[in-house]
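Single-structure report; data block below.
Just so you know, these numbers come straight off a predicted model, no measurement behind them.
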Amino acid sequence: MALTDRTTPTDVALNTDLYELTMAQGFWESGLDKGQACFNAFFRENPFDGGYAVSCGQGQIADLVENFRFDEDSLAYLADVPAPGGGKLFKPGFIDYLRDFRMHVSVWAPREGDLVFPREPMVRVEGPVIDCQLLETALLNLVNFQTLVATKTARVVTAAQGHAVSDFGLRRAQGPDGGLAVARASYIGGAASTSNVLAGKIYGIPVFGTHAHSWVMAFPTELDAFRAFAKSSPKNCVLLLDTYDVHQGIKNAITVAKEMEAEGERLAAIRIDSGDLAKLTKETRAAFDEAGLPYVKISASNDLDEYTIQSLFAQGAPIDSFGVGTKLATCDPQPSLGGVYKLSAVRKSADEPWSPVIKLSEMAYKRTIPGIQHVRRFYDEAGCPVGDQIVDDSVATPDGAETAMDVLDSLTTYDFAGMHAEELLEQIVADGVRAKEPDDIQTAKERCRNSLMRLDPAVKRFLNPQIYPVGLEPGLAELRHRLTRQERNRSGRR
């Protein structure tokens, strides 16, 4: 990729929820601003009732941290925010504190394109408690949506069985920023191109597009429109057949394809955007083959998703590529990953040891995992991942190095004895400064492709996927149980 992926966002510090700032003021006023915290971002359930998620958005975290500043215009706005009970919400001393604020967090995360699973950290953040708190909303905004889009795209690409998928979702995306995020994440998730020209400029993603129904409707006849487009774009000629009647559109496209051959050019493809795609693409393929035009490809669009594409191939549809828009950009039928950001350890200063903390809940599945967590991924002899172990080195037990206890069911254990293990998280920010340059999105795209190729097909299937094992190292499982018991005793519950 020739162009850099680095951006210089504006108003980053105000791209947050108000309660992050009210808590920061509270920490400052309580004298806890010197305290240290560790937070983990994670999700509780795989999106789309699937078996995995594709890590995405982490490559932009270093930019976020380094650009996190409160300029004078932002400070003036905050100083004027009214408190519901009267007066100003933020105190002058806190506004002065923010004037010289710089992030001093350290961040660890999986690489973009790595596969991630429920309960394990998508991002781990350590540093001053105010810094960690102020980072929460913007960080989740980056990784939640992009991970969701990359996962949706990976599913669509899996269904497409090696046939190209293009992101057509800009006009249906949630605003301009959402459109850029969709283009970036969908490319990492496996899309071959995007219709979004700005995303092509910023991220170096291949762009693709030809003409719409309005082009055909603007000419006296469909044949006139096809001929004009072939003359205008002979090297990028894809004709849309269903403005009026697909059957006549096929005939007109064949006529233009023959005329292009006479001029030394070739019709690249045709696109069908409505109707019975399986039936119409079969008819189209047969007509073009009979006309001696087997090289003309067939592209399909029209509210496609992984299930529709899977069904089309099951019906024998001879489709070469897909334009996927609405259901990719909106991540239909799941609009949110549901990723959360939870405190897992505290200490009074950077010189002291960490004290793990836990959040309990009336709902057991919302109970958090304490400690300074990292993830070991175990692989079999073929290099395929077989399970993950969440670890806190400070409580790890020597005899538990290759054993994991299920996060939700302590009676279920996983044995990874004799298997090769690799660390999933890598440090991307150290004390507020990037520790390494993020991978370009082409590298992340290849990593996603390779990761999916090595994942057990049973985990990748759409219907009732097999659960990928994720468990706690025994020492961490014991710590979680002990803290749970302590907190319940403290609250008077048993």
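For the residue pair T137 / D17, a side-chain donor-acceptor distance below 3.5 Å is found, with atom types taken as modelled. A donor-acceptor contact closer than 3.5 angstrom is absent between the side chains of Y52 and N46. Residues D392 and S394 have side chains that bring a donor and an acceptor to within less than 3.5 angstrom of each other.
A salt bridge does not link E112 to K445: none of the charged side-chain nitrogens sits closer than 4.0 Å to a carboxylate oxygen. Using a cut-off of 4.0 Å between Lys/Arg side-chain N and Asp/Glu carboxylate O, E487 and K359 are scored as not salt-bridged. Classification of R447 and D439 as a salt-bridged pair holds, one side-chain N sitting under 4.0 Å from a carboxylate O. Ion pair E426/K436 flagged as a salt bridge, since at least one NZ, NE, NH1 or NH2 atom sits closer than 4.0 Å to an Asp/Glu carboxylate oxygen. A salt bridge between D63 and R434 is present, with a side-chain N of the basic residue lying under 4.0 Å from a carboxylate O of the acidic one.
Judged purely by atom type and a 3.5 angstrom limit, R124 has no side-chain atom pairing as donor or acceptor with the backbone of W108. N144 places a side-chain N or O within 3.5 Å of a backbone atom of G339 that can act as its donor or acceptor partner. A distance-only check finds no donor-acceptor pair linking the side chain of E126 to the backbone of V107 [under 3.5 Å]. A donor-acceptor pair is defined here as one N or O able to donate and one able to accept, closer than 3.5 Å; such a pair exists between the side chain of Q25 and the backbone of L89. Between the T368 side chain and the I358 main chain, no donor and acceptor come within less than 3.5 Å of each other. Proximity of a side-chain donor or acceptor of Y414 to a complementary backbone N or O of V386 within less than 3.5 Å is not detected. Counting only distance, with no hydrogens or angles, the side chain of S30 and the backbone of F27 share no donor-acceptor pair below 3.5 Å. At distances below 3.5 Å, not a single donor-acceptor pair connects side-chain atoms of N15 with backbone N or O atoms of A138. Looking only at distances, a side-chain donor or acceptor of Q389 sits under 3.5 Å from a matching main-chain atom of T403. In this structure, the side chain of Q58 engages the main chain of C56 through a donor-acceptor pair within 3.5 Å.
Classified by interplanar angle (parallel below 30°, tilted 30° to 60°, perpendicular above 60°), the ring pair H163/F322 is perpendicular. Ring geometry for Y97 versus W28: interplanar angle of 30 to 60°, hence tilted. Between F117 and Y468, the ring planes are parallel. Angles under 30° get that label, and only those over 60° would be called perpendicular.
Atom CG of D49 has 12 or fewer heavy atoms from other residues, nucleotides or ligands within 6.0 Å. In K88, the NZ atom is crowded: over 12 heavy atoms of neighbouring residues, nucleotides or ligands sit closer than 6.0 Å. In this structure, Y77 places its OH atom where only 12 or fewer heavy-atom neighbours from other residues, nucleotides or ligands lie under 6.0 Å away. More than 12 heavy atoms of other shown residues, nucleotides or ligands fall within 6.0 angstrom of atom CD in Q161. By the neighbour-count criterion of 12 heavy atoms within 6.0 Å, atom CZ of R44 is densely surrounded, having more than that number from other residues, nucleotides or ligands. Heavy atoms of other residues, nucleotides or ligands lying less than 6.0 angstrom from CD1 of I467 number 12 at most. Surrounding CD of Q466 are more than 12 heavy atoms belonging to other residues, nucleotides or ligands, all under 6.0 Å away.
Residues W354 and S344 have side chains not in contact (no heavy-atom distance under 4.5 Å, counting atoms from C-beta outward). Using a 4.5 Å heavy-atom cutoff, the side chains of P385 and R454 are in contact. For the pair L180/N196, a side-chain contact is recorded, criterion being any heavy-atom separation below 4.5 Å from C-beta on. Between R367 and R480, the closest side-chain pair of non-hydrogen atoms falls below 4.5 Å. When side chains are defined from C-beta on, V391 does not count as touching L476, because their heavy atoms never get closer than 4.5 Å. You'll find the side chain of L134 reaches within 4.5 Å of the side chain of L21, heavy atoms only. At a threshold of 4.5 Å between non-hydrogen side-chain atoms, the residues T330 and Q174 count as touching. The shortest side-chain heavy-atom distance between V459 and L115 does not fall under the 4.5 Å cut-off.
Residues V54 and A154 share a closest heavy-atom pair of CG2-CB, 3.9 Å. In terms of heavy atoms, P333 sits closest to P335 at O-CD, 3.7 Å.
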Could you please spell out the steps behind the side-chain contact (heavy atoms from CB on, under 4.5 Å) verdict for E136 and L140? CA-CA 6 Å; E136 174 182 9; L140 287 177; 4.0 Å; yes
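Shown are T153, T147, T151; of these, the side chain to side chain contact (heavy atoms under 4.5 Å, CB included) with V149 is made only by T153. For the side chain to side chain contact (heavy atoms under 4.5 Å, CB included) with V125, the qualifying choice from V429, L139, V65 is L139, the only one to do so.
Distance CG/D114 to SG/C448: 9.5 Å, rounded to 0.5 Å.
Cation-pi geometry between K152 and F48 is satisfied (NZ or CZ under 6.0 Å from the ring centre, within 45° of the ring normal).
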